[in-house]
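Below, chains carry the letters A, B, ... as their sequence lines are ordered, and counting in each starts from 1. Computed over heavy atoms, backbone and side chain alike; hydrogens, waters and symmetry mates excluded.
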Number of protein chains: 2
Amino acid sequence: MAQIRDVAKLAGVSPATVSRAYSDPSKLSESTLHRVMAAADELKYKPSSLAQLFREKRTNTVLVMVPDIANVLFARVVSGIERVAVENKYNLIVSDTGDNAEIETVGVEMVETYRADGVIQLGERPLSELHPEGEQCTIPFVQAISADPRGRYPTVGIDDRKAAAAMGSYLLSQGHRRIGVLAGLENRVVTQERLAGFKDSLALADVTFDEVAVEYDTYSMAGGERAATRMLSRKDDLTALFCMSDEIAIGAIRAAHDQGFILPRDLSISGFDNIEFGKYCTPPLTTVMQPAEQIGEVAMSLMCDTLRGQTLPKAHEMLPTELVVRASVQKLP
Amino acid sequence: MAQIRDVAKLAGVSPATVSRAYSDPSKLSESTLHRVMAAADELKYKPSSLAQLFREKRTNTVLVMVPDIANVLFARVVSGIERVAVENKYNLIVSDTGDNAEIETVGVEMVETYRADGVIQLGERPLSELHPEGEQCTIPFVQAISADPRGRYPTVGIDDRKAAAAMGSYLLSQGHRRIGVLAGLENRVVTQERLAGFKDSLALADVTFDEVAVEYDTYSMAGGERAATRMLSRKDDLTALFCMSDEIAIGAIRAAHDQGFILPRDLSISGFDNIEFGKYCTPPLTTVMQPAEQIGEVAMSLMCDTLRGQTLPKAHEMLPTELVVRASVQKLP
DNA sequence: ACATTCATTACAAACGGTTTCATTGCAAGC
DNA sequence: GCTTGCAATGAAACCGTTTGTAATGAATGT
């Protein structure tokens, strides 16, 4: 590969001039610029990014930590991040962490070893748990999806509690009173938030929450299927299931269907997230829209701001959600 | 951030010694090593990857070009790539190219500007179309999913033609004779291959192919819904639909359902790829399993081999597919 | 006691650019 | 005609590591 001095020699100028031809062509005379570019062309010269970045001490790269890249919701967020990254000439290193603290710690270290300029975290773990300095850590960090308003770094997400309450209220408005909850993993913040929101809606309508009617499992179709099976064999008087993700709801639909329920006549099921597939379920899924791509876009914008040195004092963006009414929840007579 | 010379000074040694403390501790005396490490610890020193990589002229990074990261199949392949990448200490830069030739060209250039050591392409475009030197180009390149046995670089994928033929034969074995084809984008190699395979199966069974019974659209649920709607309004004597992806099939199920078809009684529908959702469709989707994660794993392994200088003469791995029989295809009486 | 060997460690060059500062030459101003 | 100012360019330092080579000193052999 040709280097800058080869080009300089061929063009009869100094390396500095060649460098300037790329970084600020206006500094060169017409004729020199032309000569340099011709020489560069002939030698097929391309500046080594590695050398440039080394000198600049920046990588133009942002690390995205995703708990599971094969999850459609996360994939859509990454898609949004990507779009803004390209606009701003940043590269993305994507790391599928499997929600593993150790892998995430290594990820954060990449900033200190100059492999990435900053980190966007799609998981729930806050920076303070991933760095020995804890709260003092000043790494450019943005947390997406699971917004943590107490954190000292920018955050984007939705108001899970409010959104869950909205869905709860909708179910109540349709006449449902005995509602089972198919929750995700119990130790997740998002699970607790959505559960709290659901309880809020019950309290608001003076309906007592049935502590027994909660089943926890993984955030997946298989988890939803298992949870629903357990729930339906335990409680036979439910008229609706409040599922904490569309995937859980889809698993629940399968389970209910297999147990002979005619949907939505015998049982209403609501989802959460609004993944594309929900629209194509039978019955189509009533759910809460979460603006995944937009969350990604805002997250990357915040990262860009941070890297430009704009210390956003407290950027905790809560993006709006929306109730998506389809057929899987039915109005009781 | 502390640098190597700070550590050297504190430990009372030269920078070279500190460097060796990390790269080959056995070269140092017990006491020196201990002193260096203590100093490094105290200063919280971490070697700058940027400087290291610059010197090594390697990035330990592989670029993955994905036509659409939000597509579940691609996401699963990336997941497989990721797994092997981590094992081999490589980072992944993921680029969502939107199947855009220009973006892909820029991606390939990243190797020449030392931003990545090699490229894994999940799209169909071969390297020769993405580099001015065409066939002569010697960039480390692996093509996954759409295997191109004529290319001069390693390739992993499935035998689309054979797999499609297997599904065609299965439909025929279930008594179907009037089968509509819901194809993906017409200009894609994969579309042509799967169509050819389907025709192969008809020829084998002496069934004549109905040229009219093909509808092209995008590889998506919306595309499948549109294609199915067109197809069903045009041909009313079909007993089955051969869909070129699960997403198309899922869209087709919706369309058929909306037109009053009872599935699978009135119409059989087959998919392709075996994405997770297929199992949760109503009716559950009969499809062809494509080992997505494994394709990713093999692709990254091939990339590692290439980067280690093992010039694999002709590595065109064809991974096995499998017919997944579920309920969406019914046996005709 | 001196030469030889070997284990440690230091010195300095190299990686490929960018950037600061200095120099040159030419045009304009007095 | 001499100074001044500016545009164009070059020389050299610098970014933070790694590594080849040289130097040092202790241990060994004769």
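- Taking five base pairs at each end of the helix from C:dA1-D:dT30 to C:dC30-D:dG1, the local helix axes there meet at an angle of 50°, rounded to 10°.
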As a quick check of understanding, evaluate salt bridge (Lys or Arg N to Asp or Glu O under 4.0 Å) for B:R308 and B:D305, giving each step before the final call. CA-CA 5 Å; B:R308 276 196 213 94; B:D305 292 346; 3.4 Å; yes
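- Side-chain contact, A:T61 with B:R115: a donor N or O sits under 3.5 Å from an acceptor N or O.
- Contact record, B:A39 with B:A11: CB-CB, 3.9 Å, taken as the closest heavy-atom pair.
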For ring pair (Phe, Tyr, Trp, His ring centres under 6.0 Å), just list the numbers for B:F54 and A:Y114, CA-CA rounded to whole Å, side-chain angles, deciding distance to a tenth of an Å, and then say yes or no. CA-CA 12 Å; B:F54 166 57; A:Y114 296 100; over 10 Å; no
Reading nucleotides 10-17 of chain D 5' to 3', which nucleotides get B (base under 4.0 Å from a protein heavy atom), which S (sugar-phosphate only), which -? BB--BBBB
Verdict with reasoning, B:D99 to B:R125, per salt bridge (Lys or Arg N to Asp or Glu O under 4.0 Å): CA-CA 8 Å; B:D99 197 37; B:R125 228 176 307 268; 3.3 Å; yes
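- For residues 22-41 of chain B, proximity to DNA chain C is found at B:L28, B:S29, B:T32, defined as any non-hydrogen atom under 4.0 angstrom from a strand atom.
- Side-chain atoms of A:Y90 and A:M303, non-hydrogen and from C-beta on, never get closer than 4.5 Å to each other.
- The aromatic rings of A:F141 and A:Y153 sit perpendicular to each other, their planes meeting at more than 60°, with 30° as the lower class boundary.
- B:S19 places no side-chain N or O within 3.5 Å of a backbone atom of B:P15 that could act as its donor or acceptor partner.
- For the pair A:H131 and A:C137, the tightest heavy-atom approach, listed with the atom from each and the gap, is CG-SG, 3.5 Å.
- Shortest non-hydrogen contact noted between B:E104 and B:Q121 is OE1-NE2, 3.2 Å.
- One atom, CG of B:L53, and another, C1' of C:dG16, lie 14 Å apart when rounded to the nearest Å.
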